[in-house]
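Inspection log for the structure reproduced underneath, given as structure tokens.
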Amino acid sequence: MKIDRTRGKIVWGMTKMDSHICIEFTPTFHQYFNFCRSIQPRILRVLRASAYIGLLGFVLAPFLPSDENLTTLEKYGASIRLLILPALMLISFPLTMYFAVKKRWNVADELRERKVYEFSDAGISVKAGSFESSSSWSNFIKAETVGPTISIFNAQFMAHLIPVSAFSNSEDVAAFKYLLRSKIQNCKRL
């Protein structure tokens, strides 16, 4: 069964024969950005929690007991330091990340190229305008679903990003996930 359609900028199709799956798509910036955002190290999640605690401390500062007879405005002024981490984590970090990802997207042509992936019992093959590559399943350590994207990671933590929209229906997605589970050990979040 071969299906080809055009939906916006994504051209997609899938051919399925036993353990052989072939898909074709053109990645979008939105898909790439969501992937980059999803692989933030766990430490950033801890820092984000700390930022929320600092923000909460600032909001509650006027209500905390104090030995000094300060007005509400003076209490807020004295606790202004608590806003530094929240400002860095909640405002500047997302902006910095967005512009860094956007710059990488604009510079790296291989990210924007139409790709043809072939998944078989032997491994993964990918072809694009500027490169062609094949890897056996033993090189892949993890597969997970992050939003509308299936990510397949190798030992160097480099990933193949496969948008779920590249498949024609949910049955094809299920068949693909079954193949991944049979070939890659760590598929907890698939």
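Annotation: side-chain hydrogen bond (donor to acceptor under 3.5 Å, both in side chains) contacts of Ser138 (sequence neighbours excluded): Ser136. In this structure, the ring pair (Phe, Tyr, Trp, His ring centres under 6.0 Å) partners of Tyr76, at least two apart in sequence or on a different chain, are Phe58. Taking the ring pair (Phe, Tyr, Trp, His ring centres under 6.0 Å) definition, one finds that Phe99 meets it with nothing, sequence neighbours left out.
You'll find the side chain of Phe176 stays beyond 4.5 Å of the side chain of Ile23, heavy atoms only. Counting heavy atoms from C-beta outward, Val116 and Cys22 have side chains that approach closer than 4.5 Å. Taking the side chain as every heavy atom from C-beta outward, Asn34 and Thr149 never approach each other to under 4.5 Å. Residues Phe167 and Ile162 are in side-chain contact: their nearest non-hydrogen atoms beyond the backbone lie under 4.5 Å apart. At least one side-chain heavy atom of Phe131 sits under 4.5 Å from a side-chain heavy atom of Glu113.
Here the straight-line distance linking atom OG of Ser125 with atom NE2 of His20 works out to 7.5 Å at 0.5 Å rounding. Distance check, rounded to the nearest 0.5 Å: CZ of Arg189 to NZ of Lys142 gives 6.5 Å. To the nearest 0.5 Å, atoms CZ (Phe119) and CG (Leu179) are separated by 8.0 Å. Note that CG of Leu82 is 11.0 Å distant from CD1 of Ile53, once rounded to the nearest 0.5 Å. Expressed to the nearest 0.5 Å, how far CG of Leu55 lies from CG of Leu60 amounts to 9.5 Å. Taken from CD in Gln31 to CG in Leu111, the straight-line distance is 12.0 Å, to the nearest 0.5 Å.
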Please test Phe33 against Met97 for side chain to side chain contact (heavy atoms under 4.5 Å, CB included), starting from the C-alpha separation and ending with a verdict. CA-CA 9 Å; Phe33 178 73; Met97 190 181 102; 3.8 Å; yes
What verdict does the side chain to side chain contact (heavy atoms under 4.5 Å, CB included) test give for Tyr32 and Arg112, after you've listed the backbone C-alpha separation in whole Å, the side-chain angles of each residue and the deciding distance to 0.1 Å? CA-CA 9 Å; Tyr32 180 63; Arg112 299 184 310 271; over 6 Å; no
For Ile124 and Trp137, run side chain to side chain contact (heavy atoms under 4.5 Å, CB included): C-alpha distance rounded to whole Å, both residues' side-chain angles, the deciding distance at 0.1 Å, then the answer. CA-CA 7 Å; Ile124 299 173; Trp137 287 112; 3.7 Å; yes
Steps toward side chain to side chain contact (heavy atoms under 4.5 Å, CB included) verdict (Ile150, His160): CA-CA 8 Å; Ile150 297 171; His160 292 280; over 6 Å; no
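Formation of a donor-acceptor pair under 3.5 Å by the Lys127 side chain with backbone atoms of Glu118 is not found in this model. Arg114 places no side-chain N or O within 3.5 Å of a backbone atom of Glu24 that could act as its donor or acceptor partner.
The side-chain contact (heavy atoms from CB on, under 4.5 Å) with Ile152 is formed by just one residue from the set Leu190, Ile141, Ile184; it is Ile184.
For the residue pair Pro27 and Trp105, the shortest heavy atom distance occurs at O-CH2, 3.6 Å. Closest non-hydrogen pair, Gly54 versus Pro86, comes out as C-CG, 4.1 Å.
Under the 6.0 Å cut-off for aromatic ring centres, Phe29 and Tyr98 qualify, their centroids lying closer than that.
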